[in-house]
Amino acid sequence: MDKWQIASALNEISRYTELSDPNPFRSRAFEKAARALHKIDVPIETLIASGELTKTPDIGKASASIIEELARTGTSKYLEELRAQFPSGIFELLRVPKLGLRKIGVLHSELGVSNLADLEAAAREGRVAKLKGFGAKTEELILKGIKFARERESRFLLPAGIELAESIRERLAGIDEITDAEISGSIRRRLEVCSNVNIAIATKSVDKVVKAIERKTIVEGLEEVDSITYRGRIDDVVVFFHFAAPDDFGLLLLLTTGSKEFVEAFVAQCKVRHAVNEEELFAKCKIAFVEPERRESADDLKLKKPRALVEAAQLRGTFHVHTTFSDGRNTVAEMLTAARDRGFEYLGISDHSETAAYAGGLTDEKLKLQKAEIAREAKNVAPMRVFRGTEADILGDGSIDYGAKRLAQFDFVIASVHSRFQMPKDEMTERILTALDDPHVTFLGHLTGRLLLSRDGYTMDFDRVFERAGQREVMIEINGNPNRLDIDWRNIKRALDRGVRFSINPDAHSIREYNALITGTWVARKGGLSAKEIFNTQPLEQVTEWFESRRAKWREK
DNA sequence: GCCGTTTTCGGCCCGACTGTTTTCAGTCG
């Protein structure tokens with residue numbers, strides 16, 4: 001096992017411990033040990049061999065022996081015992097809002113609850129309200145939460161959908177009778193949350209292909225919907241296969257890609273049916289090609305010359321990157337090297353600010369260390385330029401964490417809300433407007449704080465916020481984290497019309513999460529943005545100039 | 001479970017919110 005796998009095993013132990021141990025610090029200790037592993041930069045075997053594992057901060061005797069066992073045998077007796085003690089689906093209960101591990105532990109030990117169905121039965125029979133620490137309101141909240149979790153059960157985030165659809169397409173590749181197969185539906189439109197998988201297949205023999213899909217058991221329970229559509233399942237996800245003759249594949253792809261509104265407008269406008277691909281179909285219809293991402297409404301159909309949408313390859317750098325100094329999993333050096341290897345001209349590091357203590361927000365002392373480390377490591381990745389910023393909390397009153405004097409040390413500031421999410425709309429609007437008025441602020445981070453499929457964002461008057469961001473020349477981040485995708489693409493045009501510029505940021509907490517730049521770019525494309533409206537498509541020179549002109553502005557004040 | 005120039009016990013990062021155990025515990029970020 002490598003250090004990442006060991007760390008994830010320790011995290012699992014931490015979760016089980018939180019379920020079963022009344023002492024909250026024991027579970028946190030395992031979590032800290034896992035995080036400590038992330039930070040070590042010598043090979044784990046070396047550390048074990050030298051017996052210096054326990055010299056690593058936050059790794060004591062107990063964790064060290066578990067780590068050694070995992071590294072040696074790939075398993076841990078203690079973890080296996082814990083796994084045997086609880087039903088496999090216990091952590092699924094976390095999908096119910098307001099249910100944490102502690103409460104789940106009580107529900108399991110007192111009522112034998114091990115899944116959503118058990119919990120629902122117990123709540124309906126009033127058994128939950130009788131438990132110590134629970135009451136009638138909590139029981140009601142749980143029933144509501146179960147409904148919330150169920151509604152989202154068969155829905156999934158875009159990256160998971162793409163992965164599943166690609167794997168199906170790969171397995172179809174071996175079927176001779178298929179001349180072409182493409183992912184269509186909402187996944188092709190890059191919608192942030194999907195509820196099914198659609199594959200368009202060109203073939204002269206539907207029967208033979210269907211038999212082959214059955215034989216290869218690509219999906220479960222394959223059944224006919226109509227003569228050109230079949231449906232099956234992979235786990236909870238419904239998979240549709242759509243068939244057409246190769247000569248009609250263009251139309252099939254268009255029809256099954258959707259959206260409904262776009263398709264209806266298209267077929268009303270164009271009667272052509274035969275086309276081997278979409279390009280040919282659009283050409284025959286004399287309609288300018290509309291990128292799949294832009295097919296949510298009929299508007300783009302009318303454009304004579306659609307805008308060139310931004311592409312991920314046009315990004316020359318990015319901002320909003322965390323390191324192990326706050327809650328990131330990779331060190332400054334690792335984050336910088338990975339960015340350089342992506343061919344970036346510049347990178348902006350932004351760890352959390354002091355108030356975000358839960359995320360390891362940086363105190364003055366840690367800021368000093370971070371500054372020195374960034375300066376040291378930046379030399380190794382030259383000529384890539386490293387900017388040092390912060391993701392500073394927007395406090396309850398709209399002021400920015402650290403305050404003017406300390407904010408002055410940064411090249412840029414991403415201002416984000418991380419607390420008091422349920423503020424009334426008017427108050428939240430004023431809070432964010434106040435934040436935008438602070439001249440140190442360069443970017444507004446994750447606009448609504450939403451977590452797709454698990455938490456709605458906080459509310460605000462978007463138009464007033466966009467108006468102010470435009471006036472103050474504060475850029476709105478397109479947070480590309482697939483769980484966030486925030487700002488919502490549906491609001492991009494409103495912001496753009498008020499003079500807002502955008503930056504596609506990954507909110508990366510690890511090297512891997514630089515991939516969020518791809519999902520972020522899809523959001524920008526769905527919002528209809530081209531490269532010129534995206535700050536980080538600009539060359540280093542212009543980016544540097546912009547930061548300096550901003551600094552000059554607040555120095556005047 | 002981890003830690004320690006208060007070193008083998010007692011504290012651990014914290015603030016807001018909510019419901020409930022009416023003085024605090026669980027959850028969230």
Side-chain angles (χ1 to χ4, degrees), chain A residues 10-37 53-67 76 78-79 82 93-107 110 123 128-145 148 322 325-327 352-363 365-366 391-397 399 401 416-424 427-428 431 445-446 448-451 454-458 479 481 483-484 486 507 509:
Chain A
L10 283 172
N11 273 321
E12 199 181 335
I13 291 174
S14 156
R15 286 205 300 276
Y16 279 120
T17 310
E18 199 175 341
L19 275 178
S20 51
D21 196 318
N23 174 12
F25 295 104
R26 198 162 158 260
S27 127
R28 203 175 300 167
F30 284 119
E31 208 184 309
K32 279 164 91 175
R35 224 175 311 148
L37 275 188
L53 210 46
T54 50
K55 285 190 186 151
T56 312
D58 295 331
I59 296 180
K61 254 168 87 178
S63 294
S65 92
I66 292 170
I67 292 167
S76 145
Y78 183 53
L79 177 57
L82 287 167
L93 291 168
L94 283 172
R95 299 216 319 267
V96 179
K98 304 283 165 191
L99 263 196
L101 287 166
R102 200 138 298 276
K103 280 213 164 88
I104 291 171
V106 174
L107 289 165
E110 298 298 314
V128 171
K130 291 199 188 92
L131 290 177
K132 193 170 186 288
F134 294 76
K137 280 222 173 156
T138 304
E139 192 170 75
E140 203 178 304
L141 210 66
I142 284 175
L143 281 169
K144 260 196 214 150
F148 181 92
H322 297 273
F325 273 99
S326 61
D327 59 350
H352 283 283
S353 65
E354 194 166 15
T355 302
Y358 56 85
L362 272 55
T363 56
E365 198 187 334
K366 274 175 103 182
E391 182 184 15
D393 274 29
I394 298 175
L395 305 178
D397 63 357
S399 63
D401 198 15
S416 304
V417 169
H418 286 120
S419 60
R420 305 193 56 191
F421 281 35
Q422 52 303 305
M423 225 179 222
E427 210 179 319
M428 185 59 93
R431 178 184 182 185
H446 46 70
T448 71
R450 72 177 183 181
L451 290 176
S454 70
R455 184 184 71 201
D456 293 333
Y458 33 88
N479 188 305
N481 180 324
N483 293 293
R484 296 185 180 272
D486 191 11
D507 198 352
H509 290 75

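First the proteins, then the strands, lettered A, B, ... as listed; each starts at 1.
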**Request:** Give one of base, sugar-phosphate or nothing for L141(A), where a contact means two heavy atoms less than 4.0 Å apart.
**Result:** nothing

**Message:** Heavy atoms from C-beta onward define the side chain here; which of dG29(B), dG19(B), dC14(B) lies closest to that of A357(A)?
**Reply:** dC14(B)

**Request:** Spell out, as yes or no, whether a donor-acceptor pair under 3.5 Å connects the side chain of D486(A) to the backbone of T448(A).
**Result:** yes

**Request:** Can you figure out which of dC2(B), dC13(B), dG29(B) approaches the side chain of F421(A) most closely?
**Result:** dG29(B)

**Item:** Distance, P atom - from dC28(B) to dT23(B), rounded to whole angstrom
**Value:** 26 Å

**Message:** Strictly by Watson-Crick or wobble contacts shorter than 3.5 Å, is anything paired with dT8(B), and which nucleotide is it?
**Reply:** none

**Message:** Measuring from the side chain of Y358(A) (C-beta onward, heavy atoms only), which nucleotide among dT27(B), dG29(B), dG1(B) has the closest atom?
**Reply:** dG29(B)

**Request:** Looking at every strand, decide which applies to T138(A) at a 4.0 Å heavy-atom threshold: base, sugar-phosphate, or nothing.
**Result:** sugar-phosphate

**Asked** Quantified in whole Å, what is the P atom distance between nucleotide dA25(B) and nucleotide dT20(B)?
**Response** 16 Å

**Prompt:** With a non-hydrogen cut-off below 4.0 angstrom, is A129(A) in contact with a base, only sugar-phosphate, or nothing?
**Reply:** nothing

**Inter-nucleotide P distance (dG19(B), dT6(B)), Å rounded** = 44 Å

**Message:** My understanding is that only one of N481(A), N479(A), N483(A) makes a side chain to side chain donor-acceptor pair (under 3.5 Å) with D507(A); could you say which?
**Reply:** N479(A)

**Request:** Let me see the working for F148(A) and K144(A) under side-chain contact (heavy atoms from CB on, under 4.5 Å), right down to the final yes or no.
**Result:** CA-CA 6 Å; F148(A) 181 92; K144(A) 260 196 214 150; over 6 Å; no

**Message:** What's the gap between dG11(B) and dC24(B) when it is taken at their P atoms, as a whole Å value?
**Reply:** 16 Å

**Request:** Would you classify T17(A) as touching base, sugar-phosphate or nothing, given that sugar-phosphate means primed atoms plus P, OP1 and OP2, and contacts are heavy atoms under 4.0 Å?
**Result:** nothing

**Item:** Closest to the S63(A) side chain, choosing from dT20(B), dG1(B), dG29(B)
**Value:** dG1(B)

**Message:** Please classify the nucleic acid contact of T54(A) as base, sugar-phosphate, or nothing, using heavy-atom distances under 4.0 Å.
**Reply:** nothing

**Asked** For the side chain of F30(A), counting heavy atoms from C-beta on, which of dG26(B), dG1(B), dA16(B) is nearest?
**Response** dG1(B)

**Fill in**
Rounded to whole Å, the CE-C1' distance (M428(A) to dG29(B)) equals 12 Å

**Prompt:** Mind checking the P distance from dT22(B) to dC17(B)? Whole angstroms is fine.
**Reply:** 22 Å

**Request:** May I ask you to verify whether the side chain of N23(A) and the base of dG1(B) hold a donor-acceptor pair under 3.5 Å?
**Result:** yes

**Message:** Just the rounded figure in Å: distance from P of dG29(B) to CG of D507(A).
**Reply:** 14 Å

**Request:** For nucleotides dG26(B) and dT21(B), find the distance between their C1' atoms and express it as a whole number of Å.
**Result:** 12 Å

**Asked** Of the candidate nucleotides dC17(B), dT27(B), dG29(B), which contains the atom at the shortest distance from the side chain of Q422(A)?
**Response** dC17(B)

**Complete:** Picking from dG26(B), dA16(B), dC2(B), the nucleotide nearest the side-chain atoms of A29(A) would be dC2(B)

**Complete:** note: D327(A), atom CG; dC28(B), atom P; distance rounded to Å ~ 17 Å

**Under 5.5 Å and under 30°: F25(A) stacked on dC2(B)** = no

**Message:** Just to be sure I understand the rule, does P24(A) reach a base, reach only the sugar-phosphate, or reach nothing, if contact means heavy atoms closer than 4.0 Å?
**Reply:** nothing

**Message:** Between dC9(B) and dT18(B), how far apart are the two C1' atoms, rounded to whole Å?
**Reply:** 34 Å

**Request:** Take atom P in dG10(B) and the same atom in dG15(B), then report the distance between them in whole Å.
**Result:** 25 Å

**Prompt:** Separation of R420(A) atom CZ from dG15(B) atom P, in whole Å?
**Reply:** 13 Å

**Request:** Check the pair E31(A) / R35(A) against salt bridge (Lys or Arg N to Asp or Glu O under 4.0 Å), numbers first and verdict last.
**Result:** CA-CA 6 Å; E31(A) 208 184 309; R35(A) 224 175 311 148; 3.6 Å; yes

**Closest nucleotide among dG1(B), dT20(B), dT27(B) to the K137(A) side chain** = dT20(B)

